[in-house]
Amino acid sequence: MTEFSAAVYQNEYLAGGSTDVHAIVTVECRGAGQAGQTSAGDAGEIVIVDTSASMGWPGVRAAQAAAAAALDQVIDGTWFSLIAGTHQARLVFPFDGGPMGMAQMSPQTRSLARQAIGYLAPDGGTAMGTWLELAARVVQSVPSVTQAHAILLTDGKNQHETPAELDQRMARAAGHIQVDCRGVGSSWEVGELRRIAQTLMGSVDLIPRPDQMAAEFATLMRQAMSRGVASADLRVWVPQGAQVLFVRQVAPSVEDLSARRREVNALTGAYPTGSWGDESRDYHVAVRLPASRAVGQEQLAARVQLAVGDQVVTQGLVKALWSDDSSLTARINPEVAHYTGQTELAEAIQDGLAARAAGDDRTATAKLGRAAQLAAETGNEEVTSKLRKVVDIEEPATGKVRLRKNVDKLDEMALDTTSTKTSRVRK
Amino acid sequence: MDDAVSAVDGVVGRECGTCGTVAGPADRFCEHCGADLPTDGRATSSGVAVPADPAPPEGPDTATAPMLAPARRQPPRPPCRECGGAVDSDGYCTQCGAKAPSERDHFAVAPAPGVAAVSDRGLRHHRNEDAAAVLADGAGRAALVVCDGVSTSVSSDVASLAAARAAADVLGTGSVGLAEGSARIAALGVRVTQAAAAAAAAVAAATPDDDAESPPSCTFVAAAVQDPVVVVGVVGDSRAYWLPDVGEPLLLTIDDSVAGQQIAAGRPRAEAEAGPQAHAITRWLGVDSPDQTPRLTPLEVDGPGWLLLCSDGLWNYCSEPAALGEVAAGALGGAGGDPLTAASALVDWANDQGGHDNITVVLARLGGATGATGTTGMASVAGTASAEGTDQR
């Protein structure tokens, strides 16, 4: 039995005249079960591997091993397919030319898919939008699939379609499939892959060496198969006249959900959160109330709910209570402070690296210095250790750093991909 | 009086299902968290059965039978007081998010036509320490009580409610029979004095053993009404006004406060009430009070009008009888003479003035009831419309 719970962390006390309310809402899922087993509808898994010429034979052989490792984790009965990507997309499996672009996993289909994987060869360019578009089409060819997920592997930049074309093709895939993106080596662009992952509600990460791909793919597929809740929406109700300043996922990674809003009713917006396994996610919700109330008055600032289909499965209440006791109103809730810092940290790293790439060392030093300071303050050790490979941190407390010469491109990319991963509040 | 004490003694093991706070046997909501309590009141975890209602009278012993039996029922959740929207089960409005007050924080009752009470937390205080209990038979008899808990004590909200209920129970019991004129005044006066004693006993019973520092305490103003005769009794600074349809409004009580003493000695009201310590009360109900005997004021009305009882949460904004009379006339006029609507309007008005204190208003129509004099025997009041102080409309 799947169970959701919600907890709210906030300082509900507002000084007279204040109208902005911030809260961290932790949503936890337990007993999610396996993908395609507990919810209505089937699960679908797609492995998309880059087979462009730049992969070369060593890269393609590693990709073959990774695809096979991923398929080994797919539970029998799950719909699956395999796509090879170059400047165009090609359905590698199933290859029977039938109306269904996916096959159901069984010992037979697994063995046939392995054979198909063996025929992959390096050739051509890179147009990831076409890969995603085909993946979405393939998913829609099997109406019973209600939970579709893909792993996308690339080694390079998107060179054979324009950014606008990529956007259009991504938009056609959005809502049909969730995509975890992985870049191998150092020739791909973190920003580009991050944009795909954010649009398609997946993760982005770096695989430094080809021989590490198989293990990463197996892990990703195991995770996908453990997400028994096909999809859920975060719903945010605010009072009449109030304004949602933002809705942000802040753990396990920072994702601004504000633009995903879909109206449920005049006072309630739904923000898709994709599929859920046994996990916990934190959301930062900020609301501006229409007016301040008199000291001593209380009101609800937001109902934050998780809905599976039309069913609200858990709810947290964000409150506002006006007080003239400054010892209450001046306190900043530690969870809100922590995640506000983590969000700024992600921005500082990305801005700093962008400035560095553009040759603006002054901005890069300032931004990465601020990042070092925030990482130290919020105890994000993973970021701190990755920052140290890009800058020399002289004083973490004040953010005094010096840019390092001869930084390994992989270290810089690792810092970039880590930037949105947040540390949890130390409780 | 014994009833009142035993009712409070009965606070054993009946717990709020929401927060676990031990509740009194007659409580219909939790004093701590405001959650609704089951209303049958008979089950207790300690196995001691505590009836929620006084046992119904058996046989012709009318002298001790409750004249005005409190009605108990579970009201539906009323709409949002601010915007009229539906209130969600989470306790907040589904439209504007306003917190729906608990029954303790806001309640409104109208036990009979012409009689109503509204009590409200106000805007500044964290809880409502005011209490009201009103009983009426719709035929000219009514028991009206307002108690204002003194907020320096932790459980004054519990004490004030216990006191108001105990006093109303005494006021609603028994009959003055055929007594008229001064005999009726004397009989009602005795009743008010007994009611104050019952209220004091209830406050004492609500006092924790270890609270010698600041025991709970409250004010007391009560009216025993048998139209056209009223006897008002007061301890503290809650007040009673007579607002005749024709003629000058009249303040029936003298505050037991520093200002009240100065006014009684001839100092102008506005000046006295503006002085330092003006609002410090000199008498109250509580185990640390040296004098808990109510000061009685009799009144025999000679025409129709409204009797108004209130806590200082209202009169602080309109102390002079003329000023209060004007505000009340406006509220009554706007309400078309409906006392529940008018009392609510007066509470809203006080909140508009700042709502610095809890606000309680009781209104009763006098001087117009037919058959008010003569033989209002027990038989004629059986099955009368009545309600208890926490009955929310």
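Everything quoted here is computed from the prediction, not taken from an experiment. A, B, ... follow the sequence lines: proteins, then strands. Residue 1 opens every chain.
Atom CD of A:E3 has 12 or fewer neighbouring heavy atoms from other residues, nucleotides or ligands inside a 6.0 Å radius. When the shell of 6.0 Å around CG of A:L328 is examined, it contains more than 12 heavy atoms from other residues, nucleotides or ligands. More than 12 heavy atoms of other shown residues, nucleotides or ligands fall within 6.0 angstrom of atom CD in A:E263. Counting non-hydrogen atoms of other residues, nucleotides and ligands closer than 6.0 Å to CD of B:E326 gives a total of 12 or fewer. The environment of CG in A:D310 is sparse: at most 12 heavy-atom neighbours from other residues, nucleotides or ligands sit within 6.0 Å.
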(message) Checking B:E82 against A:R293 for the side chain to side chain contact (heavy atoms under 4.5 Å, CB included) test, could you report, in this order, the C-alpha distance in whole Å, the side-chain angles of both residues, the deciding distance, and whether it holds?
(response) CA-CA 12 Å; B:E82 301 201 6; A:R293 287 172 175 248; 2.9 Å; yes
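Note on A:P290, A:A301, A:G296: by heavy-atom pairs under 4.5 Å with chain B, the leading option is A:G296. Of the listed residues B:R124, B:Q95, B:H125, the one with more heavy-atom pairs under 4.5 angstrom with chain A than any other is B:Q95.
Annotation: side chain of B:R121 is in contact with side chain of A:Q297 (closest heavy-atom distance under 4.5 Å). B:D88 is listed as a side-chain neighbour of A:R303, based on a closest heavy-atom distance under 4.5 Å.
The heavy-atom pair separating B:Y92 from A:L317 by the smallest distance is CE1-CD1, 3.9 Å. For A:P239 against B:C96, the heavy-atom pair with the smallest separation is CB-O, 3.2 Å.
Using a 4.5 Å cut-off between heavy atoms, B:C83 does not touch chain A at all.
With rounding to the nearest 0.5 angstrom, the OG atom of B:S89 is 7.5 Å from the CD atom of A:Q315.
For the pair A:W237 (side chain) and B:T94 (backbone), a donor-acceptor distance under 3.5 Å is present.
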